[in-house]
Protein chains: 2
Amino acid sequence: MPTTDTLSTTFAALSDPTRRAILARLKIGAASVTELAEPFEMTLPAISKHIRVLERAGLVERGRQAQLRPCRIAAQPLQEVSEWIEHYRQFWEDRLDRLDEFLRDLQSRSKNHGRKKRSKDRNIRR
Amino acid sequence: MPTTDTLSTTFAALSDPTRRAILARLKIGAASVTELAEPFEMTLPAISKHIRVLERAGLVERGRQAQLRPCRIAAQPLQEVSEWIEHYRQFWEDRLDRLDEFLRDLQSRSKNHGRKKRSKDRNIRR
DNA sequence: GCATTGATTAACCATCCGGTTAATTAACCT
DNA sequence: AGGTTAATTAACCGGATGGTTAATCAATGC
């Protein structure tokens, strides 16, 4: 029922491979529904639904020309996702950080035999 | 049943606000299940399930000490998400791009009166 | 007006999801 | 051994999701 927040609907929309494929297709240009449906072994209504999900999430916009409803990408909501995810960058780069620390540690140890220097500036994010 | 791909399960895991809140909480340090449950008006089993979803998605790992199962963040899968999303950056920055193009256009036009330079590498279409 | 093409809506189905309560496991403490 | 605390499992429920087929709407082209 609710779960109205943008981030949730965006993530939900992206959690389906068909939908992501549709977005990928739209990266290279606008397309009609039947065009979008073509690469999939799926009926048109199914694709139509997927598109509506993307539309509700603000990830595609659609026009209308003749009996076509051309879709184009509108990735604005991805910005919020990107910002959200950036707050976690340090956590997936932690291993590198630790390797980094290990190397710096090794280096300083070789310079002043074996004294371990405490590196203050850990939380490096690059 | 299927939909086994990492990206899908990661996005799905992130599509719930409770789960994102749990991750946010874990950013500031490991915590037990009851600790994690505390801020929510929700039963323990519910939280337990959420945690399992996060765990299956590889977003948290858990230890075991006494009867506690301390959770800690493991944001590695977010890297893939981040990479995926970066491929769309140009699309949400498009407005800026077009302003940019407009300005460059204006500039080159003033230099060799009114000849419009075709920028090959744009990829904008709408 | 009527057939054709493009797309949506309706009705239906199976499965998944987020939540509950109640029962169960697991480790600790006397 | 028995009791307490931490957490999971089991069984269940209602509502969302992803898909189908069949029917309908909307615009075009004779």
Side-chain angles (χ1 to χ4, degrees), chain A residues 1-23 25-26 29-73, chain B residues 1-26 29-72:
Chain A
M1 117 211 17
T3 314
T4 24
D5 68 294
T6 322
L7 223 34
S8 295
T9 42
T10 311
F11 276 128
L14 297 177
S15 73
D16 184 284
T18 307
R19 247 124 55 189
R20 290 198 306 278
I22 290 175
L23 281 185
R25 167 57 248 274
L26 289 177
S32 72
V33 179
T34 27
E35 264 177 306
L36 288 174
E38 228 226 281
F40 304 99
E41 292 178 333
M42 213 179 288
T43 59
L44 217 43
I47 299 294
S48 205
K49 283 186 181 184
H50 279 303
I51 293 176
R52 212 182 53 224
V53 172
L54 289 169
E55 197 181 10
R56 290 237 187 97
L59 287 166
V60 318
E61 291 171 351
R62 34 204 347 194
R64 188 174 275 229
Q65 62 183 20
Q67 61 272 74
L68 303 170
R69 267 78 149 180
C71 305
R72 66 179 182 284
I73 197 169
Chain B
M1 178 195 316
T3 315
T4 23
D5 68 295
T6 322
L7 222 34
S8 294
T9 41
T10 311
F11 276 128
L14 297 176
S15 74
D16 184 282
T18 307
R19 246 124 55 190
R20 290 198 306 278
I22 289 176
L23 281 184
R25 167 56 247 274
L26 289 177
S32 72
V33 178
T34 28
E35 265 177 307
L36 289 174
E38 227 227 283
F40 304 100
E41 293 178 332
M42 213 180 285
T43 59
L44 217 45
I47 299 294
S48 204
K49 283 186 180 181
H50 279 304
I51 293 176
R52 212 182 53 225
V53 172
L54 289 169
E55 197 181 8
R56 290 237 186 96
L59 288 165
V60 317
E61 290 170 352
R62 32 203 351 195
R64 191 173 272 230
Q65 61 183 21
Q67 61 271 76
L68 304 171
R69 266 73 145 189
C71 305
R72 65 179 183 284

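Throughout, a chain's letter reflects where its sequence line sits, starting with A, and its residues are numbered from 1.
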Undergrad: Rounded to whole angstrom units, what separation is found between the NZ atom of B:Lys49 and the P atom of D:dA10?
TA: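 Going from B:Lys49 (NZ) to D:dA10 (P), I get 11 Å.
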Undergrad: Once you round it to whole Å, what is the distance between C1' of D:dG19 and CZ of A:Arg52?
TA: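 Checked: the CZ to C1' distance equals 13 Å.
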Undergrad: Could you tell me the separation between the CD atom of A:Gln65 and the P atom of C:dT5, rounded to a whole number of Å?
TA: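 Value for this atom pair: 18 Å.
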Undergrad: A:Asp16 has an atom CG; how far is it from atom P of C:dT15, in whole Å?
TA: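 Going from CG in A:Asp16 over to P in C:dT15 covers 18 Å.
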Undergrad: Specify the separation, in whole Å, of atom CG of A:Leu68 and atom C1' of C:dT5.
TA: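 The answer, rounded to whole Å, is 9 Å.
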Undergrad: Would you indicate which nucleotide in C:dA7, C:dG18, C:dT20 comes nearest to any side-chain atom of B:His50?
TA: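 Of all the options, the side chain of B:His50 is nearest to C:dG18.
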Undergrad: Rounded to the nearest 0.5 Å, what separation is found between the OG1 atom of B:Thr43 and the NZ atom of B:Lys49?
TA: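 Result: 8.5 Å between the selected atoms.
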Undergrad: Take the protein atom CG of B:Leu44 and the nucleotide atom P of C:dA22, then report the distance between them rounded to whole Å.
TA: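 Nearest whole value for this atom pair: 15 Å.
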Undergrad: Base, sugar-phosphate, or nothing: which does B:Ala46 touch, judged by heavy atoms less than 4.0 Å apart?
TA: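 The answer is base, as B:Ala46 lies within the cut-off (heavy atoms under 4.0 Å) of a base atom.
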Undergrad: Does C:dT8 have its OP1 or OP2 closer than 4.0 Å to a side-chain nitrogen or oxygen of A:Arg62?
TA: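 Indeed, a polar side-chain atom of A:Arg62 lies that close.
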Undergrad: Report yes if a side-chain nitrogen or oxygen of A:Thr43 is closer than 4.0 Å to either non-bridging phosphate oxygen (OP1 or OP2) of D:dG19; otherwise report no.
TA: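 For D:dG19, OP1/OP2 do not have a side-chain N/O of A:Thr43 under 4.0 Å.
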Undergrad: Taking CZ from A:Phe11 and P from C:dG18, how many angstroms apart are they, rounded to a whole number?
TA: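 A:Phe11 atom CZ is separated from C:dG18 atom P by 14 Å.
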Undergrad: Apply side chain to side chain contact (heavy atoms under 4.5 Å, CB included) to the pair A:Glu35 and A:Leu68, showing each step before the final yes or no.
TA: CA-CA 10 Å; A:Glu35 264 177 306; A:Leu68 303 170; over 6 Å; no
Undergrad: Determine whether B:Leu14 and A:Leu7 make a side-chain contact, defined as any pair of heavy atoms from C-beta on separated by less than 4.5 Å.
TA: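 No. Closest side-chain heavy atoms not under 4.5 Å.
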Undergrad: Could you state the atom-to-atom distance from CZ of A:Phe40 to C1' of D:dT20 in whole Å?
TA: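 Result: 17 Å.
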Undergrad: Using a heavy-atom cut-off of under 4.0 Å over every strand shown, decide if A:Thr34 touches base, sugar-phosphate, or nothing.
TA: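 A:Thr34: backbone/sugar contact only, no base atoms under 4.0 Å.
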Undergrad: Would you mind reporting whether B:Met42 and B:Ile47 have side-chain heavy atoms less than 4.5 Å apart?
TA: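 They are in side-chain contact.
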Undergrad: Quick check on DNA chain D: between A:Arg69 and A:Ala12, whose nearest nucleotide comes earlier from the 5' end?
TA: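 Mapping each residue to its closest nucleotide by heavy atoms, the 5'-most match is A:Ala12.
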Undergrad: Quick one: do A:Asp5 and B:Arg20 make a salt bridge, cutoff under 4.0 Å?
TA: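 Yes.
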Undergrad: Does a side-chain N or O of A:Arg64 approach OP1 or OP2 of D:dA27 to a distance below 4.0 Å, or not?
TA: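 The answer is yes; a side-chain N or O of A:Arg64 sits under 4.0 Å from OP1 or OP2.
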